[in-house]
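Atom set for the values below is all heavy atoms of this structure, side chains included, hydrogens, waters and symmetry mates excluded. Chain naming here is simple, since letters A, B, ... match the order of the sequence lines and numbering starts at 1 in each.
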Amino acid sequence: DGGITQSPKYLFRKEGQNVTLSCEQNLNHDAMYWYRQDPGQGLRLIYYSQIVNDFQKGDIAEGYSVSREKKESFPLTVTSAQKNPTAFYLCASSIPGRGGSRNIQYFGAGTRLSVL
Amino acid sequence: KQEVTQIPAALSVPEGENLVLNCSFTDSAIYNLQWFRQDPGKGLTSLLLIQSSQREQTSGRLNASLDKSSGRSTLYIAASQPGDSATYLCAVRNFNKFYFGSGTKLNVKP
């Protein structure tokens, strides 16, 4: 079955440590996204990528980094510069552009990151 | 910048009731609007997608409408069931970015 796989489900970060969240998709989508969700709030865009080897900052990119070396993979690194990393992180993919009726955004199950 | 607002933030209804969730957005230049369901601690599941040229979409007991000129969408749920309890989020797409509301948390009481 096609879908988006995020790992791990739970992640703990020590102070000063960088951690990487994995996102893999087999939907053959060009566009991929990383969002952060805090309790009772909507999703805020961290980074997005429309094509391999290219990505853009979203609204809250500070303290995060990404790479897009393969179409299927879009890992997110939460760096030590992110002082408040505790949140639920969601990865998504879609067809770029208008896409018509196929232009649905699909989501992974999420990774919950906590600080030790 | 696009701002998306959802009202109410929470809603509790008895089973069997019909209900309406509201979503408003500030920039009408959207590609589409999507309604999602989110269960606690889970990812988002797409419910309905309305293209900017469409007025409504239906799936089972769900009906979503879109009035792009006024910046509003509604999600109508008919004959609500306890299994409908979840948080419902709307998102609009401007170019290559999606903007989300903060959601409506729905509780359907048996």
I need the full list of side chain to side chain donor-acceptor pair (under 3.5 Å) pairs touching residues 12-24 of chain A, with sequence neighbours left out, sorted by first then second residue.
A:Thr20-A:Thr77, A:Glu24-A:Ser73
Sequence neighbours left out, what passes side chain to side chain donor-acceptor pair (under 3.5 Å) with A:Tyr48? Give chain and number order.
none
Interatomic distance, B:Ser102 atom OG to A:Asp38 atom CG [nearest 0.5 angstrom]
12.0 Å
Inspect the surroundings of CZ in B:Arg55 and state if more than 12 heavy atoms from other residues, nucleotides or ligands are less than 6.0 Å away.
no
Toward chain B, the part of A:Leu90 with a non-hydrogen atom under 4.5 Å
side chain
Is the number of heavy atoms from other residues, nucleotides or ligands within 6.0 Å of NZ (B:Lys105) greater than 12?
no
Select one option (side chain, backbone, both, neither) describing which atoms of B:Leu89 are under 4.5 Å from chain A's heavy atoms.
side chain
Are the side chains of A:Ile104 and B:Asn32 in touch, meaning some heavy atoms are under 4.5 Å apart?
no
By the rule that ILVMFWY residues connect when side-chain heavy atoms come within less than 4.5 angstrom, directly or transitively, which residues belong alongside A:Ile46?
A:Leu11, A:Val19, A:Leu21, A:Met32, A:Trp34, A:Tyr47, A:Phe55, A:Ile60, A:Tyr64, A:Val66, A:Phe74, A:Leu76, A:Val78, A:Tyr89, A:Leu113
To the nearest 0.5 Å, atom CZ of A:Phe107 lies from atom OG1 of B:Thr45 at 10.0 Å
Rounded distance (nearest 0.5 Å) linking atom CD of B:Gln38 with atom CD of A:Gln37:
4.0 Å
Comparing A:Gly58, A:Ala109, A:Cys91, A:Ala92 against chain B, the one with the most heavy-atom pairs below 4.5 Å turns out to be A:Ala109
On a heavy-atom basis, the closest approach of B:Arg93 and A:Tyr33 is NH2-OH, 3.9 Å
B:Lys1 versus chain A, heavy atoms under 4.5 Å apart: side chain, backbone, both or neither?
side chain
Interatomic distance, CD@B:Gln2 vs CG@A:Asp59, rounded to 0.5 Å, equals 11.5 Å
Nearest heavy-atom approach of B:Phe100 to A:Gln105 is CZ-OE1, 3.6 Å
Cluster check B:Leu19, B:Leu48: I/L/V/M/F/W/Y, side chain < 4.5 angstrom
yes
Counting only heavy atoms from other residues, nucleotides and ligands, does the tally under 6.0 Å from NZ of B:Lys42 exceed 12?
no
Any residues in residues 63-76 of chain B near chain A, with a heavy-atom distance under 4.5 Å, and which are they?
none
Can you tell me how far the CD atom of A:Gln50 sits from the CZ atom of B:Phe95, to the nearest 0.5 Å?
12.5 Å
For residues A:Leu27 and A:Val52: do they belong to one hydrophobic cluster (side chain heavy atoms under 4.5 Å, members Ile, Leu, Val, Met, Phe, Trp, Tyr)?
no
Evaluation steps, ring pair (Phe, Tyr, Trp, His ring centres under 6.0 Å), between A:Tyr35 and B:Phe98:
CA-CA 10 Å; A:Tyr35 295 94; B:Phe98 295 81; 7.4 Å; no
